[in-house]
Amino acid sequence: VIESIRTAKPFGRSYATSKKLLWEGNLGTGSFTLNEDIRNYDKILFYCTDDTNRYMSGQIYDVETLKKFKESGKYFNINTQLEGTYWYVSLGDDFRTFVMQSENSRVRIVFGVND
């Protein structure tokens, strides 16, 4: 499954959209830092699983929305698509580090996407 996500076209489109792998792992707790600043992209795509790695889902955010979350100082959830799971983070000053505040799932892959 991970390999098919890594190589699939973003949103099933074969035109005008590119994605770049910014982080990959199997993180059950803690913070993670992307390879690049999120401001280099239009969107950030998070793939998360439940704690057993049995169920996976994707969550996409416009970078402008992530910047607004940062400005507000509020935590936000990067794993909203799997019922009963969450991964609340804040965005670091470097615009690369996501600082975990509370979680009950796992982060697996993060892509930067340009339209």
Side-chain angles (χ1 to χ4, degrees):
V1 171
I2 299 298
E3 182 60 30
S4 64
I5 289 170
R6 215 182 279 117
T7 58
K9 299 280 186 207
F11 316 111
R13 293 191 274 177
S14 59
Y15 61 91
T17 299
S18 64
K19 72 178 182 181
K20 183 175 180 184
L21 182 66
L22 300 180
W23 186 89
E24 182 173 7
N26 188 6
L27 189 62
T29 191
S31 302
F32 60 96
T33 301
L34 306 180
N35 295 330
E36 291 184 40
D37 188 315
I38 66 166
R39 295 171 292 187
N40 295 338
Y41 298 93
D42 299 317
K43 296 173 178 26
I44 302 297
L45 175 58
F46 300 92
Y47 280 99
C48 298
T49 65
D50 65 327
D51 273 331
T52 67
N53 283 314
R54 189 173 201 192
Y55 302 100
M56 179 178 271
S57 70
Q59 173 72 39
I60 192 157
Y61 281 106
D62 289 327
V63 167
E64 290 304 312
T65 300
L66 294 175
K67 287 164 54 176
K68 287 178 185 173
F69 285 146
K70 176 165 180 38
E71 290 168 12
S72 75
K74 305 243 187 256
Y75 307 131
F76 56 96
N77 189 0
I78 62 171
N79 187 11
T80 64
Q81 301 301 309
L82 288 173
E83 185 176 337
T85 63
Y86 57 88
W87 189 286
Y88 285 99
V89 296
S90 59
L91 181 57
D93 290 338
D94 61 359
F95 288 88
R96 295 176 51 220
T97 302
F98 289 84
V99 181
M100 189 272 300
Q101 301 301 324
S102 181
E103 60 77 24
N104 73 346
S105 55
R106 305 182 82 71
V107 179
R108 297 299 309 271
I109 299 176
V110 182
F111 288 104
V113 179
N114 283 316
D115 288 334

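Heavy-atom basis, side chains included; hydrogens, waters and symmetry copies ignored.
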**Request:** To the nearest 0.5 Å, tell me how far Tyr86 OH sits from Gln101 CD.
**Result:** 12.0 Å

**Asked** Out of curiosity, does Leu27 fall in the hydrophobic cluster containing Ile44 (side-chain heavy atoms, cut-off under 4.5 Å, transitive links)?
**Response** yes

**Message:** List the residues meeting side chain to side chain donor-acceptor pair (under 3.5 Å) with Glu71, not counting sequence neighbours, and say none if there are none.
**Reply:** none

**Item:** Distance, nearest 0.5 Å, that separates CG of Asn114 from CG of Asp42
**Value:** 4.5 Å

**Prompt:** Where do Met100 and Ser102 come nearest, in terms of heavy atoms and distance?
**Reply:** SD-N, 3.3 Å

**Fill in**
Value for CZ (Phe76) from NZ (Lys70), rounded to nearest 0.5 Å, stands at 9.5 Å

**Asked** Is there a path from Leu45 to Ile38 through hydrophobic residues (I, L, V, M, F, W, Y) whose side chains come within less than 4.5 Å of each other?
**Response** no

**Asked** Does some side-chain heavy atom of Lys43 sit less than 4.5 Å from a side-chain heavy atom of Phe111?
**Response** no

**Request:** Look only at the side chain of Arg108 and the backbone of Gly25, and say whether a donor-acceptor pair between them is shorter than 3.5 Å.
**Result:** yes

**Prompt:** Any donor-acceptor pair under 3.5 Å linking the side chain of Thr49 with the backbone of Met56?
**Reply:** no

**Message:** Test of understanding: clusters of I, L, V, M, F, W, Y form through side-chain heavy atoms closer than 4.5 Å, transitively. Do Ile109 and Ile60 belong to the same one?
**Reply:** yes

**Asked** Should Leu21 and Val113 be counted in the same cluster of Ile, Leu, Val, Met, Phe, Trp and Tyr side chains packed under 4.5 Å apart?
**Response** yes

**Message:** Does Asp94, at its CG atom, have more than 12 non-hydrogen atoms belonging to other residues, nucleotides or ligands within less than 6.0 Å?
**Reply:** yes

**Request:** Using side chain to side chain donor-acceptor pair (under 3.5 Å) as the criterion, list what pairs up with Tyr41, not counting sequence neighbours.
**Result:** Glu36

**Item:** Close side-chain approach of Asp51 and Glu103, heavy atoms under 4.5 Å
**Value:** yes

**Donor-acceptor under 3.5 Å (Asn79 side chain, Thr85 main chain)** = no

**Item:** Polar side-chain atom of Asp62 near backbone of Glu64 as donor-acceptor pair, under 3.5 Å
**Value:** no

**Request:** Answer yes or no: is there a side-chain heavy-atom contact under 4.5 Å between Thr97 and Phe32?
**Result:** no

**Asked** Can Val89 be reached from Tyr61 by stepping across I, L, V, M, F, W or Y side chains whose heavy atoms are under 4.5 Å apart?
**Response** yes

**Item:** Note, Cys48 side chain near Gln59 side chain (heavy atom, < 4.5 Å)
**Value:** no

**Request:** Look at the side chain of Arg96 and the backbone N and O of Thr33, then say whether any donor-acceptor pair between them is shorter than 3.5 Å.
**Result:** no

**Asked** What is the minimum heavy-atom distance between Trp23 and Leu34, and which atoms define it?
**Response** CB-CD2, 3.7 Å

**Request:** Calculate, to the nearest 0.5 Å, the distance between atoms CG and NZ belonging to Asn40 and Lys20 respectively.
**Result:** 8.5 Å

**Fill in**
When every non-hydrogen atom of Leu82 is compared with those of Ser57, the smallest separation belongs to CG-OG, 3.4 Å

**Prompt:** With side chains defined as the heavy atoms from C-beta onward, is the minimum distance between Ile78 and Val110 less than 4.5 Å?
**Reply:** no

**Message:** Within this structure, what is the CH2-OG1 distance for the pair Trp87 and Thr29, rounded to the nearest 0.5 Å?
**Reply:** 5.5 Å

**Request:** Please round to the nearest 0.5 Å and tell me the distance separating atom NZ of Lys68 and atom CG of Leu91.
**Result:** 14.5 Å

**Message:** For Phe46 and Phe98: C-alpha separation, side-chain torsions, deciding distance, then whether side chain to side chain contact (heavy atoms under 4.5 Å, CB included) applies.
**Reply:** CA-CA 12 Å; Phe46 300 92; Phe98 289 84; 3.8 Å; yes

**Message:** Determine whether a donor-acceptor pair (N or O, by modelled atom type, separation under 3.5 Å) exists between the side chain of Asn104 and the backbone of Gly84.
**Reply:** yes

